[in-house]
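Working notes, beginning with the structure itself.
Every chain is numbered from 1, with letters handed out A, B, ... down the list of sequences. FYI, side chains are in, hydrogens and waters are out, and symmetry mates aren't considered; it's all heavy atoms of this structure. All of these numbers come straight from a predicted model, not from anything done at the bench.
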Amino acid sequence: MKTFYITTAIDYVNGSPHLGHAYEKVLTDVIARFRRMMGEKVYFLTGTDEHGQKIQQSARAQGIEPQDYVDGIAPEFKAMCEKLEISNDDFIRTTETRHKKVVCALLLQLFDKGEIYKAEYEGYYSTRQEQFLQDKDRNEDGSWPEIYGEVTQITESNYFFKLAGYQEWLIEHIKTHPEFIIPRYRAKQVLEFLAEPLNDLCISRPKERLEWGIPLPFDPDFVTYVWFDALTNYYSAVADQPDMWPASFHVIGKDILVPPHAVYWPIILQACGLALPQSILAHGWWSINGAKMSKSTGNFVEPAQFVDQFGVDALRYFLIREMSVGQDSDFSMEQFLVRYNSELANNLGNLVNRTLNMTTRFADSIVPAPAELGEPEAILQAAWTKARDESIPLFEQFQFNVGLERAMSFITATNTYIQQREPWKLGKSEDPADQALLRTALATMAEALRLGSSLFLAVTPSSVAKIRGVLSYEAGPVWKDELVWDNRLTGNAVEKTCILFPRPEKKS
RNA sequence: GGGCCUUUAGCUCAAUGGUUAGAGCAGGGGACUCAUAAUCCCUUGGUUCCGGGUUCGAAUCCCGGAGGGCCUACCA
């Protein structure tokens, strides 16, 4: 079986992780976990991008070496993954030897094939900003904005990668592989970009301008520039492992689809004789309280702090429940609390607690065997079949927001069922018929809880583990076997109480 | 300038061209007491952004317009 190899984009370590980073990790993790549940062999990679001018500058500003600088920040990203319970198998850093070796090997291969050549470029250069400028950077009257300081025309040699020759091939590939770019409408944006002739890609920087990078294997006076370095992580992390390449999924933000992931990366791979990834999934962006996320305005959510306050599953659930994959969404405390209170605390969490409580109170904490089943049980079982059979295909199509809604509707149906059976009344009756109904009701509640919660396993794994724990239930290795309604909880001793999602304390 | 996406209830979202456009939350009324002031039932709420067209039938397809968002190459 081909390994389902899935990656996130690697994060640039020029700052601490924020909500956007957290979302991409969680989304990728949910896909990875779901695929594992569906029986696939999964390999999940994430990591950090650690070269480049901004990092060199930040390090210099602190008076330390770039390596020391990135060594200080990369652990923050690793820690965020742990905090979010991301199930990655590997974490690659572009400053690691294993990565640099592969980058050099690919560059050398392409240089030897004649796909990389040296050329001179003449352009306007800002010494203050240490960058070349384009005409679009000019003011309307043709002058240069003041932030650039003195702008001079200079000539610089660099190495270029021949992109243009692959243009027609790439267009054809995108057109014949509808699953290559997800959501599909994003492919149009790529094709639009490819409608214009491609220029070759500058892949180097002279060392006097940029030191902090991987030296070109064929010219030590230059380092390689961002794309050959960063994109290659997907391959370098698994280059020595069999049955891994090509990647199945690259999960990225919509901002880096065109041109890097949808144009540069496929062409690099093709030129190197490597297979292309099956799919690139471009997700949308979070705004916060309707405003674009930015540090300067101070309106960003600190993921770690959020997890400390509400729990990891609350954040994971909200991110996946609220966003329609591919589109943008807004994050607000109001909306978060609505989801948290109504869906997690009141609906699911309260179902857990009332089930335990009634089982304890009316059956000495032991799940009874069901007696005869009546119409309410039949209705609930039908609701289960519907929720299960609808949500799984939705998850497969990355429509997690809708899938979670369907799954949650079964939790609601279970609460409705309890209301119909009124076990608290049956429990106070001496009538043997009522006692039989009580056993049926308690058994049905527990089983519905076991089944319903299992639909949330990819999104809220530790909460599902807790639910199984308080039911003294140990799940088997095959997820789909967990989705069959039977009496496997009969005789289990349950906990007396469990507050899964405590209601947040009200601010007075 | 060219192009793409988007607009459905107060909010977040559903609806292979096919009953009277549906859920959740919020709002209103009621029931219940096992439970985290919870849960359950009933209910208010729509010119599907606007205007045309195709069709037996349009939220859905086509044309035009409006609002919102985004892309527009080697950032050398």
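To the nearest angstrom, C1' of B:G2 lies 16 Å from CG of A:Leu194. B:C41 atom P lies 8 Å from atom CD of A:Gln420, rounded to whole Å. Computed from coordinates, the A:Glu390 CD to B:U16 P distance equals 12 Å when rounded to whole Å. Atom pair A:Phe362:CZ and B:U33:P shows a separation of 11 Å (rounding to whole Å applied). Rounded to a whole Å, the NZ atom of A:Lys162 is 15 Å from the C1' atom of B:C74. Counting to the nearest Å, the P atom of B:U12 and the CG atom of A:Leu319 are 17 Å from each other. Taking atom CG on A:Leu257 and atom P on B:G69, their separation rounds to 21 Å, with Å as the unit. Across the protein-nucleic acid pair, A:Gln189 atom CD and B:C4 atom P stand 11 Å apart, rounded to whole Å.
The two residues A:Thr440 and A:Glu377 have their closest heavy-atom pair at CG2-OE2, 3.3 Å. Between A:Val223 and A:Glu211, the shortest heavy-atom distance links the atoms CG1-O, 3.7 Å. Here the closest heavy-atom approach between residue A:Ala369 and residue A:Ala443 is recorded as C-CB, 4.3 Å. The two residues A:Ala345 and A:Phe501 have their closest heavy-atom pair at CB-O, 3.4 Å. Taking each heavy atom of A:Ala363 and A:Leu442 in turn, the nearest pair found is CB-CD1, 3.8 Å.
The same atom, P, is picked in B:C49 and in B:U7; the two are 8 Å apart, to the nearest Å. B:G1 and B:U19 are spaced 41 Å apart, taking the P atom of each and rounding to whole Å. B:U12 and B:A26 have their P atoms separated by 15 Å, given to the nearest Å. Between the C1' atoms of B:G53 and B:G46, the separation comes to 24 Å (whole Å). B:G10 and B:G69: their C1' atoms are spaced 23 Å apart (whole Å). When the P atom is compared between B:U48 and B:A9, the two are found 10 Å apart, to the nearest whole Å. Taking atom C1' on both B:U8 and B:G24, the two are 15 Å apart, rounded to the nearest angstrom. Taking the C1' atom of each, B:C61 and B:U54 are spaced 8 Å apart, rounded to whole Å.
A salt bridge links A:Glu447 with A:Arg450: at least one charged nitrogen is closer than 4.0 Å to a carboxylate oxygen.
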Would you please test A:Phe161 and A:Tyr264 for ring pair (Phe, Tyr, Trp, His ring centres under 6.0 Å) and show each step? CA-CA 10 Å; A:Phe161 171 51; A:Tyr264 301 160; 8.8 Å; no

Let's go through A:Phe34 and A:Phe400 carefully: what are the C-alpha distance in whole Å and the side-chain angles of both, what is the deciding distance for ring pair (Phe, Tyr, Trp, His ring centres under 6.0 Å) to 0.1 Å, and is it a yes or a no? CA-CA 11 Å; A:Phe34 181 69; A:Phe400 297 109; 7.0 Å; no

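A:Asn415 comes within 4.0 angstrom of sugar-phosphate atoms only, judged by non-hydrogen atoms across all strands, and of no base. At the heavy-atom level, A:Phe501 lies under 4.0 Å from base atoms of the strands shown. Within the nucleic acid shown, A:Thr497 has no heavy atom closer than 4.0 Å to any nucleic acid atom. Heavy atoms of A:Glu322 sit under 4.0 angstrom from primed sugar atoms or phosphate atoms, though from no base atom. Backbone-only engagement by A:Arg209 is indicated by non-hydrogen atom pairs under 4.0 Å involving sugar-phosphate atoms exclusively. Among the atoms of the strands shown, base atoms are found under 4.0 Å from some heavy atom of A:Gly349. Residue contacts for A:Arg406: at a heavy-atom cut-off of 4.0 Å it reaches the sugar-phosphate backbone alone, with no base atom in range. Across all strands, A:Phe132 comes closer than 4.0 Å to base atoms (heavy-atom distances). Within the 4.0 angstrom heavy-atom criterion, no nucleotide atom of any strand lies near A:Val258.
At least one side-chain nitrogen or oxygen of A:Ser324 sits closer than 4.0 Å to the OP1 or OP2 atom of B:A14. The side chain of A:Lys188 places an N or O atom within less than 4.0 Å of a non-bridging phosphate oxygen (OP1 or OP2) of B:C5. Using a 4.0 Å cut-off, no side-chain N or O of A:Asn341 falls inside it from OP1 or OP2 of B:C25. A:Lys425 has no side-chain polar atom (N or O) that falls below the 4.0 Å cut-off from OP1 or OP2 of B:C32. Considering only side-chain N and O atoms, A:Arg339 lies nowhere under 4.0 angstrom from the phosphate OP1 or OP2 of B:C11.
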Dot-bracket summary - RNA chain B, pairs being Watson-Crick or G-U whose distances fall under 3.5 Å, with | when paired to another strand: (((((((..((((....[...)))).(((((.......))))).....(((((..]....))))))))))))....

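Of the candidates B:C75, B:C34, B:U33, B:C75 carries the atom nearest the A:Tyr264 side chain, counting heavy atoms from C-beta on. Out of B:U36, B:G69, B:C40, the shortest distance to the side chain of A:Asp328 is found at B:G69. Nearest to the side-chain atoms of A:Thr416 among the listed nucleotides B:G2, B:C40, B:C34 stands B:C40. Residue A:Gln335 places its side chain closer to B:C11 than to any other of B:C13, B:C11, B:C75. The listed nucleotides are B:C25, B:U39, B:U72; the one nearest the side chain of A:Val338 is B:C25. The side chain of A:Trp424 sits closest to B:C32 out of B:C32, B:A23, B:A14. The side chain of A:Leu201 sits closest to B:C75 out of B:C40, B:U39, B:C75. In the set B:C5, B:C40, B:A14, B:A14 carries the atom at the smallest distance from any side-chain atom of A:Asn401. Side-chain atoms of A:Cys202 lie closest to B:C74 of the nucleotides B:C25, B:A31, B:C74.
Qualifying side chain to side chain contact (heavy atoms under 4.5 Å, CB included) partners for A:Pro376, counting only residues two or more places apart in sequence or in other chains: A:Tyr417, A:Gln420, A:Arg421.
Taking the nucleotide of RNA chain B with the nearest heavy atom to each of A:Arg186 and A:Glu156, the more 5' of the two is matched to A:Arg186. Between A:Ile499 and A:Met323, the residue whose closest nucleotide on RNA chain B is further toward the 5' end is A:Met323.
Side chain A:Asn199 to base B:C74: a donor-acceptor pair is found below 3.5 Å.
Relative orientation of the A:Phe310 and A:Phe306 rings is tilted, given thresholds of 30° and 60° on the angle between their planes.
Sorted by first and then second residue, the salt bridge (charged side-chain N to carboxylate O under 4.0 Å, His left out) pairs with a member in residues 324-346 of chain A read A:Lys254-A:Asp328, A:Arg321-A:Glu343, A:Glu322-A:Arg339, A:Arg339-A:Glu343; sequence neighbours excluded.
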